[in-house]
Every structure is written in C-alpha cells, then in structure tokens.
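Below is one structure, written out as structure tokens, with a few remarks after it.
Numbered from 1 within each chain, the chains take letters A, B, ... in sequence-line order. All values below were derived from every heavy atom in this structure, side-chain atoms included, with hydrogens, water molecules and symmetry-related copies excluded.
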Amino acid sequence: MTKDIPMRFKPSEFEAKWQKKWEEAGTYVNDMKKSPRPYYNLMMFPYPSAEGLHVGNMYAFTGVDIHGRFMRMQGFDVFEPIGLDGFGIHSENYAMKVGRKPQEHAKISQENFYRQLRATGNGFDWTRTVETYDPDYYRWTQWLFVAMFKHGLAYRAKAQVNWCPGCKTVLADEQVVGKKVEQVGKVDKVEQGSTGVIARNEVTKQSQEKEIAAPSLPTGLAMTKDVCERCSTPVVKKELEQWFFRITAYAERLLQNTYKPIFNWPDKVKLGQRNWIGKKEGININYPIIQLSNNPISTNKYIYNVVVFTTRPDTNFGATFIVVAPEHPIIEKITTPEYIEAVKAYIKTSQNKSKEERVTEGRKKTGVFTGSYAINQLNNYKMPIWVADFVLMDVGTGAVVGVPGHDKRDFEFAVVMNLPIKRVVVGKDGDTSKITRPEQVQELEGKMINSGFLNGLEIQTAISKMMDYLEEKGWGKRVTTYHLRDWLISRQRYWGAPIPMIYCQHCADKGESWFSSEEAKKMSFPRRPKADPPLAEKRESIQIDPRVKPEDDNQRAENDNKWAVGWWPVPEDQLPVTLPDVDDWRPTGTGRGPLAGHPEFYKTTCPNCGGAAQRETDVCDTFLDSSWYYLRYPSVNKKSNVIARRNEMTTKQSQEVEIASPVRQLVRNDNQLPWDPDITQHWFPVDSYIGGAEHTVLHLLYTRFTWMALRDWGFIKIKYQISNIKDKEGYKLTDSGVANAPQNDVILANEVRPESDLPWDPSEPFKRFFAHGLIIKDGAKMSKSKGNVVVPDEYIKLYGTDTLRTYLMFLGPFDGGGDFRDSGIAGMYRWLSRVWRLAMEKVPQVARVSKVPRDEEKTRDTLDTRGTLQMLHKTIKGVTEDIKHLHYNTAISKLMEFVNWWMENTDQVDTTMVIDFLKLLAPFAPHMTEELWQNLSVSRVAQVPQVPPEEKARGTRDTLDTRVTFSSIHHEPWPKYDEKLLVEDQVTIIVQVNGKMRDSLVLSTQNANSQTVIEQVARASAKTQKWLSGNSIKKVVFVPAKLINFVV
RNA sequence: GCCGGGGUGGUGGAAUGGCAGACACGCAGGUCUCAAAAACCUGUGAGUAUAACAACUCAUGAGAGUUCGACUCUCUCCCUCGGCACCA
C-alpha cells in the first residue's frame, strides 16, 4: 500500500460530493406514472421549529430512510418525499418571538431546514417537496375545506370552545392537554417536563417561568389544569361561533377499521385511537318531571321530562335523585319559585369557575335543589332534581341519574346532601347491609336485589334486560355515545390558510345559502352522513316531548343546513384566497383574527348575488394542512432539470401507453384536483408511514378521516395491485432473501378486484403505520427554551453523516427512542474507519488506474474461504431479517460481528464478499459505501449491459435513470444468501444436569439428532460424570441439535 | 381511578422456553513510540476460592407458581414511563 491511497476515513472528502451527485443524477427520483414497482415510503414532515433540525428529527428520518433504501435494493421504486409543515401557531409564535414576519421567518427556516435535511444523506426526492404555506399548496387545503362544506361535513356553530389566552385563539380538544399543578403558597407553578405533555410542547422561557394565578385550593391537593399544548397557558372556555368538521360522522368507521386484522398499526396507537373515539353503548332514559308546588303528585301529569344517559340502567331501581349540569336548559323551566334564588346564585358561582376548579372542588360535592322531582317509572319513586357542577354539560345529556349505592361519585353527593341510599347489587362478599361507607359501594360486579324483575341476575345480564324493558315501555332508547367531538377548524390567527367562505347578508335575508343553490341540488350523494347528533341537537331533545316523533333523516338534513344561511364557499376556480401581507399580523385577543382588521381582505362580492359580502377572517387549523399533505407529494412537480430532461425522454412513450382510467371519467379535468389521478392510483395507499407516537390522536385521526371522506366523494381511486404473492407488506422475501415480486404485477394492476381480496384496507390511507421512539435529552424533549437541543451539524462536521446515522440507529430499538448521549459516537466512527481501511485494502492499486482487476482477486477458490462464506451468509440472513423488521440496532451488531471476523481473517475476505458486505451496510452509511463501492467496482460498471430494447419500450426505470452514466450502490440488488452454506459441519450440544449447564459437546452435524449417540458421549464426559455419579437418572430430556438434560 | 409500555452489569442494550449479559460504550492493563495521538492486543456482572489454572455459588424489580429447564409463560405486589379521567 502506498501513501496516496486514502487509507484514512475522511467523510468530509466525499459525503457532500455524493449528496450532490445523487441529486443531480436523480438517483432517488422516480417516473411517477410508470415506475413498475412503486413503494411509497412516507415519514412525518417536520414543522420548522425554532431550533432547526435536531438529532431527534434525524433519528426518525434516518430510520425511515434505511427502510426506504432497503426496499429500493429489493427492487422497488421507492418514493421518499419530504416537506415542511410551516403554517400554524407554532411557526407564528416563533416569528413573533424573534420579531420577524411569519413569511420572512418561513423563508429563512426553509432554507436552513432543507440544508440540514440534505446533510442527513436521506434518499429524498428533492423535486417534489411540499410546504404548507406555499399558495400552490394551501389553494388545495382551501379546496378541501370547500369540499367538506359542500358535502355537509363543515359547519358553523356557536359552541363553548377552548380559548388560549396565551396564543389568543381557540384550540381543538386535542390541543388541550392536562398538566399537574401543585399548590405553592398562593400561586401555582405549572410543572414542566413531568408528563408527556412536554413531548409535544414547545415551551417558551417566559411561559415556563410564568406563575399562574390559581384558585385557592385545599393545601396539598394537586389538580390537573387544562393548558394549551403550545404555550402551557391554562385554557378558558369561551362561547364563539366557529367552523367545525363533522369528524363524528366517521367515528364508527374510524373505530371499526382499527379492529380489522389487516389494520397494521402498533397496538399502542390503535388503543390510543380507540380510547379517544371513546365509544360507549348505553341508554337515554326519559324521566317525567313533576313540580310539587304546582301539581299534586296524584295528577301524574308532566310538561317536561329530563333525559339521562347511562351505561348502567341495571341499577335503576336504586336511583334516588337526578343531577343536572348548571348549564342545563331545563333548569329555568322546572325550578320552583322558592328555589329560584338559590339556583340562580349557584349557577352564577359555577359559571365563574374554570373547569379545573369545578373538577377539583367537585370532589367535595356542592349542589342545590330545584324543587322539582322526576318520576322513576320503574317503581314510581320520586327523585328530587338537583343542580350540581360535577355534572358536565358536554358529557352524555348533561344530566345524570343518581344511584348512590353503586356509584362512588353519586354516593359522595348523597352523603353530603343527605339523600337516601338504596342497595340493589350484592357483591362477592355477600354484604347486604345498608350502605354507609364508600368501600361498600359495589360498582363493577354482583347480583341484583331489590330490583323487581331483575332480582338474582348478574349485572351484565341485568343491563341488557333492563334496556330491553325500557325500550319496550318507551321510557328509554339505546344510544351510542362517543368521546370524540367535532373537529374545530377556526383559528383567530394570521399564519394559516384563510377559511375560504363568504358571508352575504342579502342572501341571508332571503334565507339563501349555498345549500339552496342549483349546484347543491345537483349533488346526488347524501350531503350529510348519519352521525351522532351534535351537541346542540342533544340539548334540544331534552325538552322534546317523547311522544313527538323524531324527525326523519331528510328533515334533519334540511334542518342541519339552517345555520348556513348567507354562507357561500369561494368558487374553486377563484382559489387560493391568498393570505395578504399585512403589518398587524399579531393575534388580537378580541376573539377575531388579525384579518378582521383588513377591509381590503374581507370586503368582497357575493358569489351568488354579486352584492357586497364579507370573507371569513379566521384561518384554518394547521392540522388541516397536514391531514392531506401525503396526497400532494407525488403530484407536485417542481420541474427540476432532471425532471424536464426526463420528460423529454419519455413524452413519446407516455403518449403511446396512455390508457383511459376510470378516474379520468369521473373527474372532468385534472386541474380540478390537487393530484393527478393517474399518479395517485399508482402510489396509494401509502406503503409505509413511520412517525412519532405522540401524534396518536391528533394528526393520525384527522388524516384517516380526510382520506375516508375524499374516497367517499370519489376523489381518490386506487388501482388494486394484486400480485401473486401477497403478505401484509405486499411483497415477500424468498428464502434467498431477495424480494420475489412477480414481473407481471403491472398487468394485473389493470384488473379491478374486489377490496376484500386485498392484503390491505383501501379505506385507510396507510398500508401500515409504525411508531418510532422519541429521542429526548436529559429527560425532556429537545427545545431551545430548555437549552437541550442537540443539532446534528456539529457531529456531522466532526464524524460525518454516516457515523451519526449509524450511531443513532445503534442506540437501541427503533421504536424505543431514549435519552441522547454522544458517549459512543467516537466508537462508531472508529468502527466505520475500520471498515473503510479493510475495504480499501481490497481496492487494487493497479485497478484504480487501469480499471482491470488484479490477478490475486481472482484466486478466491484457492483460499480456504468456506468459513468466511458461511459467516458472510449468516450475516446476510440476519441483517436482512433485522432490517425488514426495523431492528436496526441488532442489524448493526451483526455487521460488527462480521467485521470482527474479517479483522481476524483478512486474507480470507475477498472483493466480492466485501461488495456484499458494503451493500448490507449501504442503507446505514450511504456515502462511504457508495465511495468504496465505486472504487471497488469501477470495472464492473463498464460491463453493465445496455438496456435491452423491450425494456426500453416499457419505459422502466432502467431506461430513465442514470445507470448509463452513473451506477449507484443504492440501486444494486440486495445480496442473496445460500441456505446450504448456512448448514454447519458441527453443532454444539448443551449438557445439563437438573437444568443447569454442566458441559457442552461439539459433534458432527450428522449426529446432532441422535439421542443415543449424544447421550453416550454426554455420559462419558468427565464433567458430566461429576454431577451424575452417585445419582440415579430419573429422566432424560433431549432436544435435537440443541441440548440434553439429565434429571437426577 | 382506568388503560397501555417498561424494570437485565458502571452505561446503551442482546437473548421470546434451552450456554443470561451478544454487540458496543466506559474503564484498567499492554504493544508500538523519545513522548503523545492513532491503531492494535488483553481483561472487565457480583462473589467463593487459588500462586496460577481449574472449579463452584449467586444474579434479569420483589415474592410465589407452571416446567426436566423461566429474563421469557401464569398470579400477587413494588417502582417507573406514557395516555385518558367527576365520561354518568
């Protein structure tokens, strides 16, 4: 070896070079319409936060990229896009902090992020990035809003909403998080970092240290505050008119899909989604109300009734009172004169309390009597109706039936208010005595007593029997309730897509809205899917006489649209409604967005009557932007030089191959959709989606909802690619470790098959979702305010991207995450250096000049390489399996084991083995393996056969990509292993006595299954003898080729 | 309170019924060197024991159970992390 060979591993000398080369050559760019084996490898796009890309982001992206590179080497056309989720409160808050306009900040952070992202060495398709604040993008976000509106899924309603005084905007339920608060003197400190809140929370220095005035609390009582997930400011409730998406209409489908066996998601995330949807099956029971002061009991007449939701009607014989929420509309109707003052006072106090005060103070129950009674028709028991603030208006029907004997909360209330307690359930302990202590409150199990026709039944049986009975009598109706609420879209902020709606007073005066237009009447599909009745409807039902028939679905649909009077969507061809560049963009705190101060923005003309009208001035929630971004990527065409060149090459072919797709017939014009239907049907659903588990209920639920809606409306059609071989990943690894997808799946793809044939669920956007772990630092998520941000840049400068990538993946299992520490990164650098040196020794000095292999490289057969080959093939098998299951840390350790072997047997590892090894390492360390591979195989490149004519005609990747000029290791086929080579000559048999290892025997493989031989050898061994002598053997356990155990 | 994940050397972790601690980090000693760095080699769970080897015992949060055999399966408990929560 002479000195001029770069024996030293210096990543800085080649990493940037390859990044540039890959991008120029389009190594990771596909022909979006024709790639024969599309594989959509999606990762969650980052929001460009204050601190730039940190190692936590890099950890996630690297893990996804390794999967993509692996799949590419399996022969798939891997599409791996990236973009920026740059709209929204988060970016705006940061812009505010640094005193820049959001759009200026966006420009700066975009540049910085994309620079950092390029340095990660990921196989991104840089010709198709998506930025949510790009008018070309949010034009379609607005289009989606309009589509939701036209399909009856977007509506405007007055509601109690979460208001963040810090961010000066409303928040969706999902964006409000609980945080524990301990009392510290007269003020409370919001604990930071104590919960997972911090994981998705960027806390500013100010808010972190801000002391929040708290209600006086009993000393030592901790409580949970509802705070804004962005800034940790406690949220308050405000009554505002807002836009909502009717996600509740999809609650059942969103739930049911998670139970399908092909729903390939982590159990943890599935459960999270199910819990959030929170389906409960119960019954609404009607109780007629009597007012003692006005009506003698004997008349048994009622004007009003109260509806109560319960999941436990079995205990209804034990009901002794009713409690309604202070906001309940029935209160003013039924409160008797002598109680009016007290009730009014109580309601006023509770209105002044925040939710958390009510919750906390509610533990010592308070309440007032209304003077009215409800009749339990089961036993004609007269139940006093109380008002108490532990009952929440937005849960169930806002009224509960008190069964103090069998509900802890009801028990507490009954004790405080001195209400009767009846026992109707006997538990396992057989206690039938009077219930006087909380421990006696039997909630979950037991048999019914004192309950008429239910006596003796187990509670489960009693529940359904009681429901049957109540329905039969017409006293109740089974209902299903969900915890999921409709998605609040409006934000009183600036940095978002303006909500594309127009309000026209003239049309409103005439009672007109878009729903009365010709266009609306032409829409044939139901405008309003059946759904759980929204809150407002539930409240109304409380006052409806049960004898009045409920409205039918059509009637309801019409009623549903009453709110819309005067509202018109911005016509699609006028989108986008551009966000104007204004100076007073900061949030106002008045309950209206900054755009409300700009007549030049909101003054417009009515799309219907042409008269003066006003635009909506609120903007969309960021989660709307990110709910569909993955649909946009494949259809974005940034027209880079590469693409332009390719298009020239392929124009002719694509014209020839053009076929009429069913989607085209449905949609008149591609310009009406955010995507090219041909491309979309080629790439969807997404093959693999990998992202953080912290998005369990937010992003993922919205995304699934959006997909389902778009598909229902016919905007997305999927081409069902049925291959002969299918497993849940849609491909299968053969024994030799190479993907064996049939060549003809392109043809089969034109065949329309029933959905039930599919190995995945087309009603879901992702064939699988995988949640990676979160990298934290010093126990908290990295954030600038915490001063714990670890930026990859320094490490990349010091050790190179490959080292950092491999190091991050070696830290632990990919779904685990963990606390970042850099103590071992130098070790990873040393290991890659070792690989570099060892491989470099195989680069023949002569060959590097003449491109002809040295003779000694041909002499492989003369060396004793069998052991080495076996080692290599074991490694191929292990690494292949591990990467396939995203077990990157163990894959790397197997590569290390091979290198350890290699160090000890340098002369037995030849060039072809080195090349195979480099391919296994390539997904982890893409740059150095490319560099080495180019050096080692430069002579092979010249021999790459020209693309055969028939392939050229098909227009597959080989024609289009840069193979002719540049062949990348990342397009090489994954190494195969030979099962025959894995068979060992010898096996080690463990000898145990009483289950303890006492000896091990090395035997030839042919004897491995013979108990007779092994037992004989084992008994003869001196070590074993020591333990056997003097004992009689009671039993011999033999596991072929593994162990023999003597029981004495 | 309910639901879910987890608890293995000084550290990250490996092993899914069959040799506990793979692979690394760290640490200690050594080779090379005038010296250092780099590189390479050796050792490294705790203990008993030994001049050294050998050998043995104990160890996967605690305790029980199933089994010839348990980090792995079952039960009880403890701790920890995450989610939900006066949800009727």
Side-chain angles (χ1 to χ4, degrees), chain A residues 7-8 177-178 194-199 224 266-276 278 280 282 308-313 315 323 325 355 358-363 365 388-392 394-403 407-410 412-413 443-444 481-483 693-694 696-697 773-774 779 807 810-813 815-816 818-828 830-831 833-834 837 887 889-897 899-900 903 988-1000 1023 1026 1033-1039 1042-1048:
Chain A
M7 285 299 284
R8 282 215 52 181
V177 294
S194 61
T195 67
V197 167
I198 215 72
T224 304
D267 290 342
K268 207 171 115 182
V269 184
K270 273 191 222 178
L271 274 164
Q273 296 241 326
R274 286 175 197 156
N275 288 342
W276 188 260
K280 276 206 188 71
V308 164
F309 175 78
T310 178
T311 53
R312 292 293 306 279
T315 59
V323 190
K355 190 195 164 194
R358 280 176 61 168
V359 167
T360 311
E361 291 189 356
R363 290 193 185 119
K365 299 279 181 289
D389 58 12
F390 78 87
V391 177
L392 306 175
D394 55 1
V395 176
T397 56
V400 297
V401 54
V403 184
D407 181 293
K408 290 225 155 80
R409 214 181 26 198
D410 294 349
E412 287 167 26
F413 191 75
E443 284 183 311
L444 295 172
T481 64
Y482 300 89
H483 171 256
E694 72 271 23
T696 299
V697 291
L774 204 66
Y807 175 69
F810 189 59
L811 279 176
D815 54 2
D819 216 0
F820 181 81
R821 66 213 167 266
D822 60 8
S823 56
I825 192 163
M828 186 54 77
R830 281 200 292 273
W831 181 70
S833 304
R834 215 170 291 153
R837 254 194 335 273
H887 297 162
N889 57 331
T890 50
I892 294 167
S893 75
K894 283 174 179 117
L895 292 169
M896 287 173 166
E897 282 178 88
V899 172
N900 290 345
M903 303 250 303
T988 306
I989 308 282
I990 301 302
V991 182
Q992 293 182 339
V993 177
N994 284 344
K996 288 203 170 170
M997 204 272 270
R998 295 305 179 189
D999 196 7
S1000 62
K1023 281 183 188 169
K1026 193 173 136 191
I1033 294 166
K1034 290 181 193 143
K1035 192 176 173 184
V1036 179
V1037 181
F1038 176 68
V1039 183
K1042 264 195 176 153
L1043 94 158
I1044 187 155
N1045 185 14
F1046 296 100
V1047 186
V1048 297

TODO: Take atom NZ of K270(A) as the centre, draw a 6.0 Å sphere, and report whether it contains more than 12 heavy atoms from other residues, nucleotides or ligands.
DONE: yes

Open item on the list: Students often get this wrong, so: under 4.0 angstrom with heavy atoms, is N889(A) touching a base, only sugar-phosphate, or nothing?
Closed with: sugar-phosphate

TODO: Check every strand shown and say whether Q992(A) touches a base, only sugar-phosphate, or nothing at a heavy-atom separation below 4.0 Å.
DONE: base

Open item on the list: Pairing check on A59(B): which nucleotide meets the Watson-Crick or G-U wobble criteria with it, both distances under 3.5 Å?
Closed with: none

Task: Whole angstrom value for the distance that separates C1' of U57(B) from CG of N994(A) - done: 16 Å

TODO: Could you check which nucleotide pairs with U80(B) in any of the strands shown, counting Watson-Crick or G-U wobble with both distances under 3.5 Å?
DONE: G5(B)

- [ ] Please state how far atom CZ in R834(A) lies from atom C1' in C40(B), giving the value in whole angstrom units.
- [x] 9 Å

- [ ] Assign the ring pair F413(A) / F390(A) to parallel, tilted or perpendicular, where the plane angle (0 to 90°) is split at 30° and 60°.
- [x] tilted

Task: R837(A) (side chain) and A39(B) (base): donor-acceptor pair under 3.5 Å - done: no

Open item on the list: Taking any heavy-atom pair under 4.0 Å as a contact, classify D407(A): base, sugar-phosphate, or nothing.
Closed with: nothing

Task: Phosphate OP1/OP2 of C25(B): any R830(A) side-chain N/O under 4.0 Å - done: yes

Task: Rounded C1' spacing from A70(B) to U16(B) in Å - done: 11 Å

Open item on the list: With the 90 degree cut-off around zero defining syn, does G65(B) come out syn or anti?
Closed with: anti

Task: Distance test, side-chain N/O of K268(A) to OP1/OP2 of G4(B), below 4.0 Å - done: no

TODO: In whole angstrom, give the distance that lies between atom CD1 of I1044(A) and atom P of G69(B).
DONE: 16 Å

- [ ] Please state the P separation for the pair U80(B) and A85(B) - nearest whole angstrom.
- [x] 22 Å

Task: Gap in Å between the two P atoms, one belonging to G9(B) and one to U72(B), rounded - done: 15 Å

Open item on the list: Under 4.0 Å, heavy atoms only, any strand: does I990(A) hit a base, just the sugar-phosphate, or nothing?
Closed with: base

Task: Nearest-Å distance for atom pair NZ/P, residues K894(A) and G13(B) - done: 17 Å

TODO: Provide, to the nearest angstrom, the distance between the NE2 atom belonging to H483(A) and the P atom belonging to A88(B).
DONE: 10 Å

TODO: Describe the nucleic acid contact of R274(A) in one word from base, sugar-phosphate, nothing, applying a heavy-atom distance below 4.0 Å.
DONE: nothing

- [ ] Grab the CZ-C1' distance between F1046(A) and C68(B) for me, whole Å please.
- [x] 12 Å

TODO: Find the partner of U44(B): check Watson-Crick (N1-N3 plus N6-O4 or O6-N4) and G-U wobble (N1-O2, O6-N3) distances, both under 3.5 Å, and reply none if neither fits.
DONE: G26(B)

Open item on the list: Side chain of R821(A) only, heavy atoms from C-beta on: which candidate in C23(B), C68(B), G12(B) is closest?
Closed with: G12(B)

- [ ] Select base, sugar-phosphate, or nothing to describe what V1037(A) touches, counting heavy atoms under 4.0 Å on all strands.
- [x] base

Task: Nucleotide forming a Watson-Crick or wobble pair with G69(B), both distances under 3.5 Å - done: none

Open item on the list: In whole Å, I'd like the distance from the CG atom of L1043(A) to the C1' atom of A70(B).
Closed with: 14 Å

TODO: Check the distance between C87(B)'s P and K280(A)'s NZ and give it to me in whole angstrom.
DONE: 8 Å

Task: Rounded distance (nearest 0.5 Å) linking atom CG of D410(A) with atom NZ of K365(A) - done: 8.5 Å

Open item on the list: For K1042(A), I'd like to know if atom NZ has over 12 heavy atoms of other residues, nucleotides or ligands within 6.0 Å.
Closed with: no

Open item on the list: Using atom P in both nucleotides, what's the gap between A46(B) and C53(B) to the nearest angstrom?
Closed with: 16 Å

Task: Test side chain to side chain contact (heavy atoms under 4.5 Å, CB included) applied to F1046(A) and V991(A), step by step - done: CA-CA 8 Å; F1046(A) 296 100; V991(A) 182; 4.0 Å; yes

- [ ] State which of C87(B), G69(B), C56(B) makes the closest approach to the side chain of R998(A).
- [x] C56(B)

Task: Pair partner, A88(B) [Watson-Crick or wobble, under 3.5 Å] - done: none

Open item on the list: Distance check, C1' atoms only: G63(B) and C79(B), in whole angstrom units.
Closed with: 15 Å

Open item on the list: Mind checking if G272(A) touches a base, just sugar-phosphate, or nothing, with heavy atoms under 4.0 Å?
Closed with: nothing

Open item on the list: Looking at K996(A), I'd like to know whether one of its side-chain N or O atoms comes within less than 4.0 Å of OP1 or OP2 on C58(B).
Closed with: yes

- [ ] Identify the nucleotide, in any strand shown, that forms a Watson-Crick or G-U wobble pair with C34(B), with both distances under 3.5 Å; if there is none, say none.
- [x] none

TODO: Between C34(B) and C41(B), how far apart are the C1' atoms? Round to whole Å, please.
DONE: 23 Å

Open item on the list: Under 4.0 Å from OP1 or OP2 of A14(B): is there any side-chain N or O of H887(A) that close?
Closed with: no

Task: G43(B) versus C25(B) - spacing of their P atoms, nearest Å - done: 15 Å

- [ ] Measure the spacing between OG1 of T988(A) and CG of L1043(A) and express it to the nearest 0.5 Å.
- [x] 12.5 Å

Open item on the list: Side-chain N or O of N275(A) versus OP1/OP2 of C87(B): is the shortest distance under 4.0 Å?
Closed with: no

Open item on the list: Using a 4.0 Å heavy-atom cut-off, does T311(A) contact any base of the nucleic acid, only the sugar-phosphate backbone, or nothing at all?
Closed with: sugar-phosphate

Open item on the list: Within the 4.0 Å heavy-atom criterion, would you say M896(A) contacts the bases, only the backbone, or no part of the nucleic acid?
Closed with: sugar-phosphate

Task: C1' atoms of G69(B) and A20(B), separation to the nearest Å - done: 14 Å

